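This report concerns only the one structure given below.
No experiment lies behind these values; they were computed from the predicted model shown. Both ligands and their constituent atoms are indexed starting at 1 by order of listing.
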Amino acid sequence: MTNVAVLGARGRMGKTVCQAVTDADDLQLVAELDAGDEVTRETVAGADAVVDFTVPDATKGNVLAALAAGCHVVVGTTGWTDAGLAEVEAAAGAAGRNVIIAPNFALSSVLAMHFAALAAPYFESAEVIELHHPKKLDAPSGTAAATAKKIAAARAASGSAAMPDATAADPDGTRGGLIDGVRVHALRVSGLTAHEEILLGNPGELLTIRTDSFDRQSFMPGVLLAVRKVGGLPGLTVGLDHVMDLPGR
Ligand SMILES: NC(=O)C1=CN([C@@H]2O[C@H](COP(=O)(O)OP(=O)(O)OC[C@H]3O[C@@H](n4cnc5c(N)ncnc54)[C@H](OP(=O)(O)O)[C@@H]3O)[C@@H](O)[C@H]2O)C=CC1
Ligand SMILES: O=C(O)C1=N[C@H](C(=O)O)C[C@H](O)C1
C-alpha cells in the first residue's frame, strides 16, 4: 500500500485526485492539505508520495517542504521556470527522494505533444492554440509552453528554416506570444475545461492535432501512474512521456 498526501485538496484538481486515490485499491489517502496548511513530516502523516495541484506561486515551496519531509512528489501545478526545476533537482538529490513534474497528465495531451514533435520537422509552419476555462490563473498553459518547446527543439534538431510570416505590424499582439520561436495563442472561454490544438502547415496541406479534456477525470490515470512510478524514477523527471516510456522519444 502506498500512502498519499494531496496538496491543494480543496481545489478542482485536488478534490478529483483525493477521490481517485481513495478509489484505488493499492493507494491510501493519508492527508488532505490546502492553503494555510504547513507541509511537514507531521502534516503529511506518513505519506510515501505527496501530490501537488496548488498554484504557481506556491508549488516550488511545497515540493521543497515535501522532500524535506521525506516524501516523493508528483506535481501537476504549472508555472515552473528552468531555475525552479534546477533547485528541485538539487533538493531531490540531497534528500534521496524523487519528483515527477508534468504539465499535463491526460494521456491524449501527452500523446498530442509527442505527435507534434514527431511531425514538426516535416512542416514549415507550426502554431499552438490552447483553450481553457476562465478561472485558470496562468497563460499560456503549461501544456502549450511545453508543446511549443518540443516543436522548437524538433525543428532545431532537423535544421528547419524560419517559419514564413509576412506580418509587418501587430500593435495589439493579436499574433500571440512567442515561445522558443513558436506562436502560442491562449483562449479563456466559459464552458471549456482544457483543450489544445496544434496546427502544422505546408503549402496546400494542414495537419491538425487536437486534444480535449472535457472532465478532470481525464488526468487521473496519468496522476495515479506517476504516483505508482515515482519511487522508482531517481531524481527529477519532467513530463509524463518519460514515465510512459513512449517509443520514438
Ligand atoms: N498537470 C496537469 O495535468 C494539470 C495541471 N493543472 C494545474 O494544476 C493547478 C491547480 O489547478 P486547479 O485545481 O484547477 O486550481 P484550483 O484553484 O481549483 O485549486 C488550487 C488549490 O490550491 C490551494 N492553494 C493555494 N495556495 C496553496 C498553498 N500554498 N498550499 C496548498 N494549497 C494551496 C487553493 O486554495 P485557495 O483557493 O484558497 O487559494 C485551491 O484549493 C494549476 O496550476 C493548473 O494549471 C490543472 C489540471 C491538470
Ligand atoms: O489549469 C488547468 O485547468 C490546466 N492546467 C494545465 C496547463 O496549464 O497546461 C493542464 C491542463 O491544460 C489543465
*Sub-4.0 Å atoms of ligand 1 with respect to non-hydrogen atoms of Ala58*: 28 (C), 29 (N)
*May I ask you to test the Met113-Thr143 pair for a side-chain heavy-atom distance under 4.5 Å?*
yes
*Got the closest protein heavy atom to atom 12 (O) of ligand 2, with its distance?*
His132 NE2, 2.6 Å
_When you measure from the heavy atoms of Asn104 to every atom of ligand 1, does any distance fall below 4.0 Å?_
yes
*Gly142 heavy atoms, cut-off 4.0 Å: which ligand 2 atoms fall inside?*
7 (C), 8 (O), 9 (O)
*asked:* Polar contacts were defined as any N/O atom of the residue lying under 3.5 Å from an N/O atom of the ligand; does this apply to Ala35 and ligand 1?
replied: yes
*asked:* Would you compute the distance between atom CG of Asp180 and atom NZ of Lys150 and round it to the nearest 0.5 angstrom?
replied: 12.5 Å
*Does the side chain of Lys60 come within less than 4.5 Å of Val88's, by heavy atoms?*
yes
*Classify the contact between Thr143 and ligand 2 as side chain, backbone, both or neither, using a heavy-atom distance cut-off of under 4.0 Å.*
both
*Does the protein place any heavy atom closer than 4.0 Å to atom 37 (O) of ligand 1?*
no
*Side chain, backbone, both or neither: which part of Ala9 has a heavy atom under 4.0 Å from ligand 1?*
neither
*Please could you name the atoms of ligand 1 that Val55 approaches to less than 4.0 Å, counting only its heavy atoms?*
25 (C), 26 (N)
*Relative to ligand 1, is Phe219 under 4.0 angstrom through side chain, backbone, both or neither, heavy atoms considered?*
side chain
*Purely on distance, is any nitrogen or oxygen of Met13 under 3.5 Å from one on ligand 1?*
yes
*Mark up the atoms of ligand 2 that fall under 4.0 Å of a heavy atom belonging to Asn104, in ascending order.*
10 (C), 11 (C), 12 (O)
*Got the closest protein heavy atom to atom 5 (N) of ligand 2, with its distance?*
Lys136 NZ, 3.1 Å
*asked:* Contact between ligand 1 and Lys136 is defined here as a heavy atom of the residue under 4.0 Å from a ligand atom; is it met?
replied: yes
*Output the list of atoms in ligand 1 that are nearer than 4.0 Å to some heavy atom of Gly76, sorted by atom number.*
1 (N), 2 (C), 4 (C), 5 (C), 6 (N), 7 (C), 8 (O)
*Nearest 0.5 Å, what's the OG1-CD distance between Thr40 and Glu42?*
4.5 Å
*How about Met244 and Leu107: do any of their side-chain heavy atoms sit closer than 4.5 Å?*
yes
*For ligand 1, which atoms sit closer than 4.0 Å to a heavy atom of Arg10?*
41 (O)
*List the closest protein heavy-atom neighbour of atom 6 (C) of ligand 2: residue, atom name, distance to the nearest 0.1 Å.*
Pro103 O, 3.6 Å
*Does Thr77 come within less than 4.0 Å of ligand 1, judged by its heavy atoms?*
yes
*Between Val17, Asp52, Asn62, Leu7, flag the one that comes closest to atom 30 (N) of ligand 1 by a heavy atom.*
Asn62
_Geometry only, no angles: is Arg12 polar-contacting ligand 1 at N/O separations under 3.5 Å?_
yes
*Taking heavy atoms and a distance under 4.0 Å, where does Ser141 meet ligand 1: side chain, backbone, both or neither?*
neither
*Quick one: pull up OG in Ser141 and CD1 in Ile129 and give me the separation to the nearest 0.5 Å.*
12.0 Å
*Considering the heavy atoms of Ala194, write down every atom of ligand 2 situated less than 4.0 Å from one of them.*
11 (C), 12 (O), 13 (C)
*May I ask whether Met13 places a heavy atom under 4.0 Å from ligand 2?*
no
*Short list, please: which atoms of ligand 2 are under 4.0 Å from a heavy atom of His133?*
1 (O), 2 (C), 3 (O)
*Quick one: which ligand 1 atoms are inside 4.0 Å of a heavy atom on Gly8?*
21 (C), 22 (O), 32 (N)
*Please state which part of Asp34 comes within less than 4.0 Å of ligand 1, counting heavy atoms only: side chain, backbone, both or neither.*
both
*Is the backbone N or O of Arg175 less than 3.5 Å from a side-chain atom of Asp170, with the two atoms forming a donor-acceptor pair by type?*
yes
